[in-house]
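Values below: all heavy atoms of this structure, side chains included; hydrogens, waters and symmetry mates excluded. Chain naming here is simple, since letters A, B, ... match the order of the sequence lines and numbering starts at 1 in each.
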Amino acid sequence: MTLYPELTDDARREMLRMMVLIRTYEEAILREYHADKSPGFDIGAGLIPGEMHLSAGQEPVAAGLALHLTTDDAMTATHRPHHVAIAKGVRLREMTAEIFGRETGLGRGRGGHMHLFDPETHFSCSGIIAEGLPPALGQAFAFQRRGTDRVAIAVAGEGAANQGAFHESLNLAALWKLPVVFVIEDNDWGISVPRAKSTSVTSNAVRGAAYGMPGIRVEENSVEGVYDAAGEAIARARAGEGPSLIEVHTLRLWGHFEGDAQGYRTDLEGVPGHDPLPTYRNALVARGVITDDDYATMQASAVERVEDAIDFAKGSPVPDPADALKYVFSEGAHS
Amino acid sequence: MNTPLPANDLDGQVLAIEPDAGKRKLSTAKAIQEAIAQQMRADDSVFVMGEDVGPYGGIFSSTTGLIEEFGPHRIIDTPISETAFIGTGIGAAVEGMRPIVELMFADFFGVCMDQIYNHMAKIHYESGGNVQVPMVLMTAVGGGYSDGAQHSQSLWGTFAHLPGMKVVVPSNPYDAKGLMTAAIRSNDPVVFMFHKGVMGLGWMKKNKRSIDAVPEESYEVPIGKARVAREGTDVTIVTLSLSVHHSLDVAEKLEQEGISVEVIDLRSLVPLDRDAILASVSKTGRLIVVDEDYQSFGVSGEVIASVVERQPGLLTHVSRVCVPDVPLPYASQLEYGVLPTPARIEAAVRDAVAGRGTS
């Protein structure tokens, strides 16, 4: 008997729908990001300036987690946060406006795409590798102290598993039996360095044992594998049994950031064949869970939502430079 | 609670914002403990977390006795994992709790600064004001007892340089209690930096003012307000923390010779009370900054700049008594060769009133 919801066909459709929404979103951001950076490429130019880390290919991680979570649960993500934010239910309009640097954005244009904070859904992210984990512990600590069964999900990349913050966090979470689930997105690459050149173990899941917590590795970027692993880990956390570690072997479909030519990448030729979206769609069609028409409907619905968000962002006011010092503090004058 | 009373400050000057200090005397450490205990009684979202804050009571006695009243559930010993437990404080604060997290020595910030300056201090801004981090980061600073280069630094200038955290540096028991109370109640992150030499510890050389009158009731000392620790007319010393005591000692001595020294205790670095600095030097025209932090790129330069930017022609004399840019040495003779000692402060005052440059 499982403590978490059984994987039904409805759940499968919902996960595919989420993956489609995320991919549609990232494709739209990709389009808008590059729309006004040519000729040449000026990273600071255009309606979406700055670094842009897109999550295409990593949708299964977010989609597999999302069905086990409520609005009240917390999630922290990385410098590549969009898929996780969307899966957590962050409002697309305000998130997109933030990416466009608008006053209507989640952070009123002060944060940007690596610094999305949504108190409504308890979502946040950090641009510093592994440093989003400790605040997730604190959220879990608050949930535990208040006697709730809420959980915090701390998402990090495989590069984070070699940072001190990762190990400190696993130890403390296990020591205090905090309701945290650590999720490592192993996309094989730390920018240009392959994991074989950075990591002493072939699976970071084994590192859970060092802290007395279960560790499981989900292979083949399987959204259903994530669903099962996350279900068990989250149920365990909700039951007060402490943290778990999940590593998902996922795929970075595009560059580390937009503008990354990926000359170092030896695996690119085979990458399209591993794209999880058509893979899962085809599997569900073959199993009769969805039809091609269902998929077209999912896509149309996703496009509608995403383009609405893009339009909202583009139509929103930019922040007033005179207000650049606002929000350093909640109270008191800026010195 | 927190009723403002007309009252005296420690030197008997009337400051309307402050309650009557009364006759009861506490050490700075006990004043901090009392502020924490009172806020913990008033608000069950307040808790303390850090290394050795439990049965030990804090290495510098900032939490002595608290575990007896509040138990290990709210006075929480942590592993030596500053990144993890400071981050835990941040996340708990984001979810509405009010953590007081102790970083045992400010010198240890090197292992955890990312949580402090990239997360604790920036989340409010990055979220456009939508997420608050009501957290106190309490930490010990300062030297003078041969603890060497990694356990003796003041470093407040480093924290104050980075936007998004308020920085308070109390010099005495009264201010320590009031600033800690204000810090816990603040909706912003506050770094509370106490000098070991002002705590009134039995096992360390202490100034007479580190045990002094403290009101029993709860009160706030407003963050961002300096205090005129001593009035004078010839020269202004702007200083903070333990150096306030040294400066007062020097001022008392030189008064016998008819040299009148005004001492400004900054109390907060962020926000910095530039008006108080300017008001004092408007009177004296001579400015000496005494700072136990490193001299270059720090508080002393900022204090001077805050005057000359606003009134370029005001100052007839400027000098600094700081730690020169050197790691703090171990041998006592060497350490006291670089600390801002009363002798160095006295020499600086004599130079100032004689119209000489820095000796």
Side-chain angles (χ1 to χ4, degrees), chain A residues 74 76 98 103 105-112 114-120 122 124 126-143 145-146 150 152 154 163-173 175-176 178 319 325-335, chain B residues 44-45 47 49 73-74 76 78-97 99 111-112 114-115 118-135 160 163-166 186-189 222-224 268-274 306:
Chain A
T76 66
E98 185 60 28
E103 187 66 29
L106 288 172
R108 297 184 164 96
R110 272 80 172 165
M114 286 187 274
H115 310 290
L116 304 168
F117 295 88
D118 181 21
E120 280 186 24
H122 303 270
S124 63
S126 170
I128 309 296
I129 299 299
E131 298 286 342
L133 305 186
L137 265 55
Q139 292 177 295
F141 176 91
F143 299 160
R145 285 303 161 102
R146 288 173 178 152
R150 296 161 67 185
Q163 277 278 27
F166 172 86
H167 295 275
E168 288 190 20
S169 296
L170 263 66
N171 178 63
L172 192 62
L175 182 71
W176 291 352
L178 295 174
L325 298 191
K326 273 178 90 172
Y327 310 116
V328 176
F329 294 114
S330 66
E331 55 198 31
H334 186 76
S335 157
Chain B
D44 63 12
S45 71
F47 67 96
M49 185 165 58
H73 198 64
R74 293 181 73 192
I76 305 164
T78 63
I80 305 168
S81 304
E82 288 87 352
T83 289
F85 72 74
I86 291 173
T88 297
I90 293 166
V94 162
E95 293 296 336
M97 299 189 79
V111 300
C112 56
D114 191 72
Q115 287 299 315
N118 263 334
H119 293 82
M120 182 185 86
K122 287 180 182 163
I123 287 173
H124 185 266
Y125 187 77
E126 289 172 329
S127 72
N130 289 317
V131 179
Q132 294 183 336
V133 187
M135 162 171 171
M165 44 191 159
K166 296 190 172 176
S186 170
N187 290 325
D188 294 313
I223 296 172
S268 299
L269 289 178
V270 180
L272 182 63
D273 192 348
R274 299 177 202 273
S306 66

Enquirer: Check each atom of B:Ile86 against the heavy atoms of chain A and say whether the ones under 4.5 Å are side chain, backbone, both or neither.
Expert: neither
Enquirer: Can any side-chain N or O of B:Glu126 pair as donor or acceptor with the backbone N or O of A:His115 at less than 3.5 Å?
Expert: no
Enquirer: Between B:Met120 and chain A, with a heavy-atom cut-off of 4.5 Å, which part of the residue counts as in contact: side chain, backbone, both or neither?
Expert: neither
Enquirer: Considering only distance and modelled atom types, tabulate donor-acceptor pairs under 3.5 Å from the side chains of residues 133-140 of chain A, sequence neighbours left out.
Expert:
| from | atom 1 | to | atom 2 | distance (Å) |
| --- | --- | --- | --- | --- |
| A:Gln139 | NE2 | B:Glu95 | OE2 | 2.9 |

Enquirer: Taking every heavy-atom pair that is under 4.5 Å apart, which of B:Thr83, B:Asp44, B:Ile80 has the most such pairs with chain A?
Expert: B:Thr83
Enquirer: Is there side-chain contact between A:Leu325 and B:Tyr125, with heavy atoms separated by less than 4.5 Å?
Expert: no
Enquirer: To the closest 0.5 Å, what do you measure between CZ (A:Arg146) and OG (B:Ser45)?
Expert: 7.5 Å
Enquirer: Taking atom types as modelled, find out whether A:Ser330 and B:His124 have a side-chain donor-acceptor pair closer than 3.5 angstrom.
Expert: no
Enquirer: Evaluate A:Phe141 against B:Phe47 for ring-ring contact (aromatic ring centres under 6.0 Å, His included), listing each step before the verdict.
Expert: CA-CA 12 Å; A:Phe141 176 91; B:Phe47 67 96; 4.8 Å; yes
Enquirer: Looking at B:Asp114, B:Asn118, B:Val131, which has the largest count of heavy-atom pairs under 4.5 Å with chain A?
Expert: B:Asp114
Enquirer: Let me confirm one number: the CG-OG1 distance from A:Leu172 to B:Thr78, rounded to the nearest 0.5 Å.
Expert: 7.5 Å
Enquirer: Nearest heavy-atom pair of B:Ala92 and A:Ala142: which atoms, and what distance?
Expert: CA-CB, 4.3 Å
Enquirer: Which one of A:Arg108, A:Arg145, A:Lys326, A:His122 has the most heavy-atom pairs closer than 4.5 Å to chain B?
Expert: A:Arg145
Enquirer: Checking heavy atoms, do the side chain of B:Ser186, its backbone, both or neither come under 4.5 Å from chain A?
Expert: both
Enquirer: Against chain A, work out which of B:Val111, B:Val94, B:Asn187 has the most heavy-atom pairs shorter than 4.5 Å and name it.
Expert: B:Asn187
Enquirer: For the residue pair A:Leu175 and B:Pro79, establish whether any side-chain heavy-atom pair is separated by less than 4.5 Å.
Expert: yes
Enquirer: Pick one of side chain, backbone, both or neither for A:Asn171, based on which atoms fall under 4.5 Å of a heavy atom in chain B.
Expert: side chain
Enquirer: Just give me the residue among A:Ala173, A:Ala165, A:Gly132, A:Ser126 that pairs up with chain B most often, heavy atom to heavy atom, under 4.5 Å.
Expert: A:Ser126
Enquirer: Do B:Asn130 and A:Leu106 make a side-chain contact, defined as non-hydrogen atoms from C-beta onward lying under 4.5 Å apart?
Expert: no
Enquirer: Report yes if the side chains of B:His119 and A:Ile128 come closer than 4.5 Å at any heavy-atom pair, otherwise no.
Expert: yes
Enquirer: Given a strict heavy-atom distance threshold of 4.5 Å, which part of B:Gln115 is in contact with chain A: side chain, backbone, both, or neither?
Expert: both
Enquirer: Any idea which heavy atoms bring A:Ser169 and B:Ala84 closest together, and the distance?
Expert: N-CB, 4.1 Å
Enquirer: Looking only at heavy atoms, what is the nearest atom pair of B:Ser127 and A:Phe117, with distance?
Expert: CB-CB, 3.7 Å
